[in-house]
Amino acid sequence: MVDEKKLTPKSENYSEWYNQLVQRAELADYAPVRGCMVVRPYGWALWENIQDALDSRFKATGHVNAAFPLFIPMSFLEKEKEHVEGFSPELAVVTIGGGSELEEPLIVRPTSETIIGYMYSKWIQSYRDLPVLINQWGNVVRWEMRTRLFLRTLEFYWQEGHTAHATPEEAEEETLRMLNIYTDFAVNEAAVPVIPGRKSESEKFAGAVHSYTIEAMMGDKKALQAGTSHNLGQNFAKAFDIDYLDENNTLQHCWTTSWGLSTRFIGAIIMTHGDDQGLILPPRLAPTQIIIVPIFRKDDEQQQVMAVVERIKNELHDFRVKVDDRTEVTPGFKFNQWELRGVPLRLEIGPKDVANNSVALARRDIPGREGKSFVPQAGIAQTVSEMLDAIQANMLEKATQFRDEHIYEPKDYDEFKEIIQNDGWCYVWWKPNAENEAAIKEETKATLRCIPLDQPGGKGKCIFSGEESDQKVYFAKAY
RNA sequence: CGGGGCGUGGCACAGCCCGGUAGUGCGCACGGUUCGGGUCCGUGAGGUCAUCGGUUCAAAUCCGAUCGCCCCGACCA
């Protein structure tokens, strides 16, 4: 018999582990409509912390938030040829409104370049109006065939930034600035090590001149595109007449960008850090950073313990802290439940601690006895603060180590195939060629994840064609 | 849309082959017990067996159709 209290181990069935974890940690649930997701309060609290971390970075670089409509006229999408080709297979279309057939079908936005481009064309007249730096928090719909909670659902929540600039240099600078913000967020807030890089021609966004990505390695070694930033050149400006008069009174097309990060990132956090006990959340993003579990048997013990618990809780007011004072479940039950939900630090206070002026600390990132320590009640805020920092740092270090251990540099294509077969990543010299890329995908299921910004320099022979090239790239199987 | 599987209390499943008044575990409610790693015991609530039709004295079980879901492929933040 399977122990229903335990998660299916990662090593046994990774996707089952993932699904059980998401649902039992109460992050999200399946909705009545196939492929749709209900984000539960705990999952949404995590998303709100992600939003705050990103929003503060956006604001610091001059961006503002706004909201654009959910419905977009079908004709808007058709104005940019590559864009409509890329998105039409996955559109949800509304044809009836208020009981009668609409003159023009509306699509539920799969992304907002078109409607925002349309508005920008009205707002922008002069070079003095530029740059326009707007971000939107919202939801979009893409009718995907196979779905998974957070990673790919019919509807998902994200932010999409859309900017317009006077020059190609400014647009490229913006595209890279936002990529760097994503990288900074992923590494320093989520403890998810990512590789920032450029997408190949075949993998880029429909309608972009070029796309950048942050690529992360999940616990099963598959790659996950965790955020994207696109330089749209003048493609959308031309399609939507986003024009301005420059200093010389000459009409010019704008240069635009777009960049997005979605609730998929929650999937990245789960699959980067989670273990067989459940979630492990980075302290900087965890909705609850510290859970206090009081332990007592008799009434008089309860009073003494709760007095200490209250005092400690007040001392920790600078942290996101909760007390689990339920009496209907045992401490052991609570330990397991909060571990499942990934709370970084657990604080136990029992009769022994009352007597010794101590508390027991258990860190989530180090399971078992090694992660447990007893510390004095005095100076608890300082102790806890340092430990949360240590957890955050350790999570990043562990994830980085795991990733680096599974990136290989094959000598030849045979070795390449063998590595991909075992789900490793390949870091190889590459001569850009869409046909060769397709051939590799066909044969191995691996895709060109990115051309990293950080290049080693020098030259080498392309892993596939043998031609000389000056760039190295990553290939891997991906979500 | 191609290949495979499954629909039975909230969840996970047994029962179906060989028709005879619906079962187990988890969860839930109540009482007690326990509480420093998912306590234990007792009592109880909860299901027109996916739907429609057929065979039969009798259908969760046999036959037919329909619907839905899951897994494997093609598409993808």
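Chain letters run A, B, ... following the sequence lines, proteins first and then strands; every chain starts at 1. The analysis underlying the following values was restricted to heavy atoms, covering all of them including side chains, and did not include hydrogens, waters or symmetry mates.
- Stacking between A/W158 and B/A77 is absent: the ring centroid is not both under 5.5 Å from the six-membered base ring centre and under 30° in plane angle.
- Atom P of B/G53 sits at a distance of 23 Å from the matching atom of B/C17, rounded to the whole Å.
- With a 3.5 Å ceiling on both atom-pair distances, B/C35 lacks any Watson-Crick or G-U wobble partner.
- A/T228 comes within 4.0 angstrom of no nucleic acid atom, judged by non-hydrogen atoms across all strands.
- The interatomic distance linking A/F150 (CZ) with B/A77 (C1') rounds to 14 Å, in whole Å.
- A/E339 pairs with exactly one of A/R346, A/R363, A/K334, A/R364 by the salt bridge (charged side-chain N to carboxylate O under 4.0 Å, His left out) rule, that one being A/R346.
- Rounded to whole Å, atom P of B/G37 lies 15 Å from atom CG of A/D324.
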Distances for protein N or O near nucleotides 26-35 of chain B N or O, under 3.5 Å:
unit_1 : atom_1 : unit_2 : atom_2 : d
B/C35  : OP1    : A/R297 : NH1    : 3.3
B/C35  : OP2    : A/R297 : NH1    : 3.4

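- When heavy atoms are screened at a 4.0 angstrom cut-off, A/R148 is found touching no nucleic acid atom at all.
- The base-pairing partner of B/G7, taking Watson-Crick or G-U wobble contacts with both distances under 3.5 Å, is B/C67.
- Using Watson-Crick or G-U wobble geometry with both donor-acceptor distances under 3.5 Å, B/G23 finds its partner in B/C13.
- Counting any heavy atom pair closer than 4.0 Å across all strands shown, A/G350 reaches a base atom.
- A distance of about 7 Å separates the C1' atoms of B/A29 and B/A45, rounded to the whole Å.
- A distance of about 22 Å separates the C1' atoms of B/G38 and B/G31, rounded to the whole Å.
- At a threshold of 4.0 angstrom between heavy atoms, the contacts of A/S229 with the nucleic acid are absent.
- Checked by atom type and distance alone, the side chain of A/R57 pairs as donor or acceptor with a backbone atom of A/A53 at under 3.5 Å.
- Nearest nucleotide to the A/R24 side chain, out of B/A77, B/A74, B/G38: B/G38.
- Across residues 189-221 of chain A, not one residue has a non-hydrogen atom less than 4.0 Å from an atom of RNA chain B.
- Distance check on atom C1': B/A50 versus B/C6 gives 11 Å, rounded to whole Å.
- Residue-level contact check: A/K334 touches neither bases nor backbone, having no heavy atom under 4.0 Å from any strand.
- No hydrogens or angles were tested; on distance alone, nothing pairs the side chain of A/R369 with the base of B/G37 as donor and acceptor under 3.5 Å.
- Using a 4.0 Å cut-off between charged side-chain N and carboxylate O, A/E310 and A/K313 make no salt bridge.
- Summarising the base pairing, B/G42 is matched to B/C30 through a Watson-Crick or G-U wobble pair whose two defining distances lie under 3.5 Å.
- Relative ring orientation between A/Y212 and A/H210 is described as perpendicular, the plane-to-plane angle rising above 60° on a 0-90° scale split at 30° and 60°.
- Checking B/A77, B/G37, B/G36 against every side-chain atom of A/E339, the shortest atom distance belongs to B/G37.
- Annotation: of the two residues near RNA chain B, A/N19 and A/Q225, the 5′-most nearest-nucleotide partner is A/N19.
- The aromatic rings of A/F402 and A/H406 sit tilted, their planes meeting at an angle between 30° and 60°.
- Across B/G37 and B/U51, the matching P atoms stand 47 Å from one another, rounded to whole Å.
- Between the side chain of A/H162 and the backbone N or O of A/T256, no donor-acceptor pair lies under 3.5 Å.
- Residue-level contact check: A/A360 touches the bases, meaning some heavy atom is under 4.0 Å from a base atom.
- A salt bridge between A/K441 and A/E437 is absent, with no side-chain N of the basic residue lying under 4.0 Å from a carboxylate O of the acidic one.
- Distance noted for atom C1' between B/G25 and B/A14: 10 Å (whole Å).
- In this structure, the nucleotide among B/G36, B/A77, B/G38 sitting nearest to the side chain of A/K6 is B/G38.
- Between A/F156 atom CZ and B/A77 atom P the separation is 9 Å, expressed in whole Å.
- Comparing A/E90 and A/S15 by the nucleotide of RNA chain B that holds the closest heavy atom to each, the one mapping nearer the 5' end is A/S15.
- When the side-chain hydrogen bond (donor to acceptor under 3.5 Å, both in side chains) test is applied to A/E144, no partner is found at least two apart in sequence or on another chain.
- The aromatic rings of A/Y120 and A/F68 stand perpendicular to each other, their planes meeting at an angle above 60°, with 30° marking the opposite boundary.
- Shown here, B/G2 forms a base pair with B/C72; the pair counts as Watson-Crick or G-U wobble because both key distances fall under 3.5 Å.
- On the C1' atoms, B/G44 is 14 Å away from B/G9, given to the nearest whole Å.
- In this entry the distance linking CZ of A/F335 with C1' of B/G38 reads 11 Å, nearest Å.
- Atom CD of A/E16 is separated from atom P of B/C71 by 10 Å (rounded to the nearest Å).
- Note: A/Y427 and A/Y474 have parallel aromatic rings, judged against thresholds of 30 and 60 degrees for the angle between ring planes.
- Atoms OH (A/Y30) and P (B/G68) sit 19 Å apart, rounded to a whole Å.
- With 3.5 Å as the limit, one finds a donor-acceptor pair spanning the side chains of A/E113 and A/T111.
- A/E160 contributes a side-chain N or O that, together with a main-chain N or O of A/S112, makes up a donor-acceptor pair within less than 3.5 Å.
- Looking at heavy-atom distances under 4.0 Å, A/L151 makes contact with a base.
- Atom pair A/N336:CG and B/G36:P shows a separation of 11 Å (rounding to whole Å applied).
- B/U55 and B/A65: their C1' atoms are spaced 15 Å apart (whole Å).
- Between A/Q337 atom CD and B/G37 atom C1' the separation is 14 Å, expressed in whole Å.
- Taking a cutoff of 4.0 Å between a charged side-chain nitrogen and a carboxylate oxygen, A/D423 and A/K477 qualify as a salt bridge.
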